[in-house]
2 protein chains.
Amino acid sequence: MWRDYDKAGLDPILEAALQVFAAKGYHGTTIRELAAAAGLSVAGLYHHYASKQDILFALVTSVMTDLLERVEGALEDSPPDVGSRFARVVECMLHFHLFQREAAFVASTELRSLEGSHRQEYVAMRDRVQAAIETQIVAGLDAGEFSTPFPHEAARAVATLCVGVASWYQPDGEHSPAEVTRRHLELARRLVM
Amino acid sequence: MWRDYDKAGLDPILEAALQVFAAKGYHGTTIRELAAAAGLSVAGLYHHYASKQDILFALVTSVMTDLLERVEGALEDSPPDVGSRFARVVECMLHFHLFQREAAFVASTELRSLEGSHRQEYVAMRDRVQAAIETQIVAGLDAGEFSTPFPHEAARAVATLCVGVASWYQPDGEHSPAEVTRRHLELARRLVM
DNA sequence: CGGCCGACCGATCGATCGATCGGTTTTGTC
DNA sequence: GACAAAACCGATCGATCGATCGGTCGGCCG
């Protein structure tokens with residue numbers, strides 16, 4: 001389910017890499033740190049992945065695939081009205097960036113560290129998420145429920161707002177995830193109204 | 001003046017470092033690349049800066065100081081009404097992230113690469129910018145012109161919106177800087193209305 | 001039991017890293 | 001034009017980088 005964040009769902013090696021990448025960044029992380037975090041020797045790590053770049057690519061691909069499936073799932077079981085559908089997508093995005101904070105953070109900040117075609121593949125997945133938001137906004141305009149003169153910029157702003165959550169949210173912070181979601185859902189609504 | 005982006009204003013060495021950092025990131029950049037970009041030998045580069053970390057810190061400090069002075073300047077010669085003052089700050093932020101795109105991008109993304117107290121000093125400057133936005137929002141609430149129930153979150157959202165511009169804007173893109181500014185000023189207004 | 005394969009490791013590779021050395025050239029001042 | 005200071009450089013340092021090597025181990029299949 002798109003609201004379920006209990007199960008692991010990530011290769012233990014990638015889960016370990018995620019923690020180190022989140023703390024030090026891709027280029028700031030050494031193969032030896034990745035191996036140690038995974039509880040393996042350097043050679044043992046290379047048995048599972050061909051290179052450091054391979055680890056990053058497998059990680060962000062796994063994370064973005066998870067996000068895409070959740071966004072699609074959030075739309076599938078949504079009430080048919082545009083207001084609900086827009087809220088579902090935004091709520092899904094907020095939940096993901098709250099509950100998979102480090103994964104979402106690494107995926108969004110290490111775009112620059114992806115080499116060659118890997119970067120384009122990532123951007124394509126990123127664009128699909130943003131397109132899902134824009135689709136709901138345009139549908140809302142057609143239905144007369146939204147009135148933003150700039151649906152494309154509004155969609156990017158909503159996405160930026162949600163992605164940004166992963167940059168500042170702290171689990172022990174002032175507000176609960178539910179409250180953060182409520183407030184930013186309201187901010188997103190104002191962007192498209 | 002806070003709208004003037006003609007003059008250089010940056011140490012040539014830092015200007016060269018800016019280009020390389022923007023393209024490859026701090027940890028992805030070598031001292032030799034920095035020296036080559038500055039037209040110096042490695043030893044010649046070390047005559048001006050004590051370390052690679054020193055170069056990054058001098059760069060982001062210079063950039064953030066510039067931004068802070070512009071924000072203050074934008075408020076100083078503003079009409080006294082809250083609507084104008086809010087618009088001034090947001091316009092100043094948007095211009096900075098449009099016309100100093102690479103500098104703003106590096107300053108915002110390489111926060112993680114700052115070591116020790118340098119990071120805290122940067123965060124303090126960053127918070128001062130966001131506080132300037134929040135101050136205008138609160139003033140607008142007091143004056144009855146704004147109505148957002150979450151001024152703190154709205155201020156962060158406005159800042160995120162402006163900073164994000166540096167991540168996607170391309171000078172040869174579809175819209176002119178003036179048009180980008182106009183549209184995002186409208187989005188910012190909706191966030192606080 | 002014998003053979004094999006995936007999982008894993010210690011040791012080490014060549015390359016490159018950030019940084020430093022002693023020494024040379026350029027520049028500004030009187 | 002003497003001279004000190006600033007600017008700059010070739011050569012090289014020890015450390016560490018990503019990656020690879022030959023080999024060990026344990027469990028599964030016949």
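Protein chains get the first letters and strands the later ones, always in sequence-line order, with residue 1 at the start of each.
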Rounded distance (nearest 0.5 Å) linking atom OH of B/Tyr26 with atom CZ of B/Arg112: 13.5 Å
Whole-Å distance separating the OH atom of A/Tyr26 from the C1' atom of D/dC17: 12 Å
Separation of D/dC8 C1' from B/Ile13 CD1 (nearest whole Å): 11 Å
Sugar-phosphate only, base, or nothing, as touched by B/Leu40 at under 4.0 Å among non-hydrogen atoms: sugar-phosphate
Separation of D/dT16 C1' from B/Lys52 NZ (nearest whole Å): 13 Å
Whole angstrom value for the distance that separates C1' of C/dT16 from NE2 of A/His27: 15 Å
A/Arg85 with A/Asp81: basic N within carboxylate O range, under 4.0 Å: no
Phosphate-side-chain proximity, A/His47 and C/dA7, N/O vs OP1/OP2 below 4.0 Å: yes
Closest to side chain of B/Ala43, choosing from C/dT12, C/dC9, C/dT20: C/dT20
From A/His184, A/Arg182, A/Arg3, residue fulfilling side-chain hydrogen bond (donor to acceptor under 3.5 Å, both in side chains) relative to A/Glu91: A/Arg3
For atom CD1 of A/Ile31 and atom C1' of C/dT12, their distance in whole Å: 16 Å
Whole-Å gap separating C1' (C/dG18) and OH (B/Tyr49): 18 Å
Output field: ring centroids B/Tyr122/B/Phe57 closer than 6.0 Å: no
Spacing of B/Leu34 atom CG relative to C/dA19 atom P, expressed in whole Å: 11 Å
Residue whose nearest DNA chain C nucleotide is more 5′ - A/Arg32 or A/Leu45: A/Leu45
Length of the OH-P vector between B/Tyr46 and D/dC13, whole Å: 17 Å
Short side-chain N/O contact from A/His48 to OP1 or OP2 of C/dG6, under 4.0 Å: no
